[in-house]
Amino acid sequence: MGLIAKRILSMEESATLAMTQKANELKEQGVDVISLSIGEPDFNTPEFIKEAAKKALNDNFTHYPPVSGFVDIRQAIVKKLKRDNGLEYKPNQIVVSTGAKQALANTILCLVDPGDEVIIPAPFWVSYTELIKFAEGTPVIVETNIEADFKATPAQIEAAITSKTKLIMFNSPNNPSGSIYSREEIAAIVEVLKKYPNIYIVSDEIYELINFRGKHTSFAEFSDVKDRVIIINGVSKGFSMTGWRLGYSVSTSEIAKAANKLQGQITSGTNTIAQKAALVALERDPEDVAELQEMKEKFEMRRDMFYNALKEIPGLKLNKPEGAFYLFPEVDNYYGKSFNGKVIANDVDLSSYLLSEAHVSTVPGGAFGNENCIRFSYATDEASLIEAAKRIKQALAALS
Ligand code: PMP
Ligand code: GLU
């Protein structure tokens with residue numbers, strides 16, 4: 001009998017966090033590493049949000065909160081859903097959690113039984129598959145490619161459905177591809193899913209506010225499936241609040257009750273100060289928050305800058321992302337080439353090579369379900385992006 005339980009031994013480490021740790025270790029040794037591995041805005045949390053946190057502390061919001069979150073933040077989320085998404089919900093359909101990550105974990109653990117299948121279009125965020133396996137479910141991956149802008153078609157989704165399918169997970173805007181499903185594309189997928197009333201739909205909308213295309217569309221806007229949609233969202237990305245750890249799920253009250261039960265045994269309610277800070281963030285119409293609009297404009301400008309710089313590199317194939325803050329180029333043209341006699345066989349080798357030779361940290365695409373790609377996060381300052389593009393170009397040119 002081993003010490004560590006099998007469910008942990010068989011779990012992959014989060015590749016995004018692992019690569020970021022590697023980059024930080026090199027930085028501590030004095031190496032000038034440009035970190036393009038972590039997916040988090042480099043901006044500070046807006047002042048009005050920090051002020052609300054200070055007030056919460058002074059007002060002694062320091063006791064256990066309700067497991068699902070304070071009533072006021074759940075009411076603010078209900079209003080946000082109406083204001084930004086045209087959706088009607090009640091506070092008992094909301095569960096506030098420690099990051100969108102916990103909201104996802106709650107949802108998967110509450111819905112997936114051993115043997116259930118969960119359809120995930122690839123590329124997908126690294127934690128999806130591990131959470132599904134933790135619940136003893138089976139991830140069923142739908143492959144996409146750069147020519148399809150990394151989006152799954154309704155026919156591909158229908159082909160993946162079996163009698164065991166319990167859940168399907170969408171993430172738009174997408175991490176790592178930055179792709180956004182249009183309203184028409186979602187409508188076409190809904191046409192398929194409405195024929196399968198036992199399949200639930202996770203709609204991970206954590207990048208809702210980092211959208212350069214236009215208005216966000218949620219799967220929950222489609223009445224044929226609304227009752228089967230679980231929206232996952234939070235304040236990490238849109239409000240630059242990654243370290244506050246606050247996310248939420250929106251679902252039927254039955255699913256919310258189950259998530260409340262699970263969360264009540266694992267973490268209890270989310271940090272009180274973070275809840276009071278997130279409350280003022282969610283109360284504001286994002287269109288009227290200057291800091292958010294500036295951040296979005298900066299991301300779009302950096303997207304253009306980094307995209308144009310990488311486009312110059314022969315052998316890289318790129319899609320132009322419409323949201324989030326990642327580029328996910330296809331890099332397999334370089335596989336089989338070598339540097340100083342060492343062959344770059346795959347995404348992991350290329351990502352390691354870029355770290356050791358160019359001092360640029362990235363994440364291998366295999367962690368997101370596509371080994372032909374690697375992920376760059378462009379959520380960093382412009383000078384670093386220009387320098388990173390230069391170093392990447394040189395390092396790739398040195399491969400023969
Ligand atoms: N979903 C996606 C697609 C993500 O990229 C992330 C990473 N932040 C999360 C969920 C988790 O977000 P949080 O930091 O709020 O836990
Ligand atoms: N979601 C971010 C990323 O993809 C943060 C890291 C993580 O939570 O895995 O890099």
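We count ligands from 1, going down the list as the structure has it; atoms in each ligand are counted the same way. Sequence positions, counted from 1, serve as the residue numbers for this chain.
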*Does a sphere of radius 6.0 Å around NZ in K22 hold more than 12 heavy atoms from other residues, nucleotides or ligands, not counting ones at 6.0 Å or beyond?*
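It does not: K22 NZ has 12 such atoms or fewer within range.
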_Is it true that N85 and K80 share a donor-acceptor pair across their side chains at a distance under 3.5 Å?_
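A pair is found: one side chain offers a donor N or O, the other an acceptor, under 3.5 Å apart.
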*Using side-chain hydrogen bond (donor to acceptor under 3.5 Å, both in side chains) as the criterion, list what pairs up with D32, not counting sequence neighbours.*
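Checked D32 against side-chain hydrogen bond (donor to acceptor under 3.5 Å, both in side chains); matches are R391.
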*Give the ring-plane orientation class for F306 versus Y378, where under 30° counts as parallel, over 60° as perpendicular and anything between as tilted.*
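F306 and Y378: tilted rings.
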_Any non-hydrogen side-chain atom of L385 less than 4.5 Å from a side-chain atom of L36?_
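They are in contact (side-chain heavy atoms under 4.5 Å apart), so the answer is yes.
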*Report yes if the side chains of F325 and R303 come closer than 4.5 Å at any heavy-atom pair, otherwise no.*
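Not in contact.
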Starting from the N and O atoms of ligand 1, collect every protein N/O partner closer than 3.5 Å and put each pair on its own line with the distance to 0.1 Å.
unit_1: ligand 1; atom_1: 1 (N); unit_2: D204; atom_2: OD2; d: 2.6
unit_1: ligand 1; atom_1: 5 (O); unit_2: N175; atom_2: ND2; d: 2.7
unit_1: ligand 1; atom_1: 5 (O); unit_2: Y207; atom_2: OH; d: 2.7
unit_1: ligand 1; atom_1: 8 (N); unit_2: K237; atom_2: NZ; d: 2.5
unit_1: ligand 1; atom_1: 14 (O); unit_2: S236; atom_2: OG; d: 3.1
unit_1: ligand 1; atom_1: 14 (O); unit_2: R245; atom_2: NH1; d: 3.0
unit_1: ligand 1; atom_1: 15 (O); unit_2: A100; atom_2: N; d: 2.8
unit_1: ligand 1; atom_1: 15 (O); unit_2: S236; atom_2: OG; d: 2.7
unit_1: ligand 1; atom_1: 16 (O); unit_2: A100; atom_2: N; d: 3.1
unit_1: ligand 1; atom_1: 16 (O); unit_2: K101; atom_2: N; d: 2.9
unit_1: ligand 1; atom_1: 16 (O); unit_2: R245; atom_2: NH2; d: 2.8

*Please check if the distance between the ring centroids of Y334 and F339 is under 6.0 Å.*
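Judged by ring-centre distance (under 6.0 Å), Y334 and F339 do not meet the cut-off.
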*Can you see which heavy atom on R375 is nearest to which on I38, and at what distance?*
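R375 and I38 have their closest heavy atoms at NH2-C, 4.1 Å.
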*Under the ring pair (Phe, Tyr, Trp, His ring centres under 6.0 Å) rule, collect the residues that match up with Y335, sequence neighbours excluded.*
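None.
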Could you list, one pair per line, each nitrogen or oxygen of ligand 2 together with any protein nitrogen or oxygen closer than 3.5 Å, giving atom names and the distance rounded to 0.1 Å?
unit_1: ligand 2; atom_1: 1 (N); unit_2: W125; atom_2: NE1; d: 3.4
unit_1: ligand 2; atom_1: 1 (N); unit_2: K237; atom_2: NZ; d: 3.3
unit_1: ligand 2; atom_1: 4 (O); unit_2: W125; atom_2: NE1; d: 3.1
unit_1: ligand 2; atom_1: 4 (O); unit_2: N175; atom_2: ND2; d: 3.0
unit_1: ligand 2; atom_1: 4 (O); unit_2: R375; atom_2: NH1; d: 3.0
unit_1: ligand 2; atom_1: 8 (O); unit_2: K101; atom_2: NZ; d: 3.0
unit_1: ligand 2; atom_1: 9 (O); unit_2: T16; atom_2: OG1; d: 2.6
unit_1: ligand 2; atom_1: 10 (O); unit_2: G39; atom_2: N; d: 2.8
unit_1: ligand 2; atom_1: 10 (O); unit_2: R375; atom_2: NH2; d: 2.8

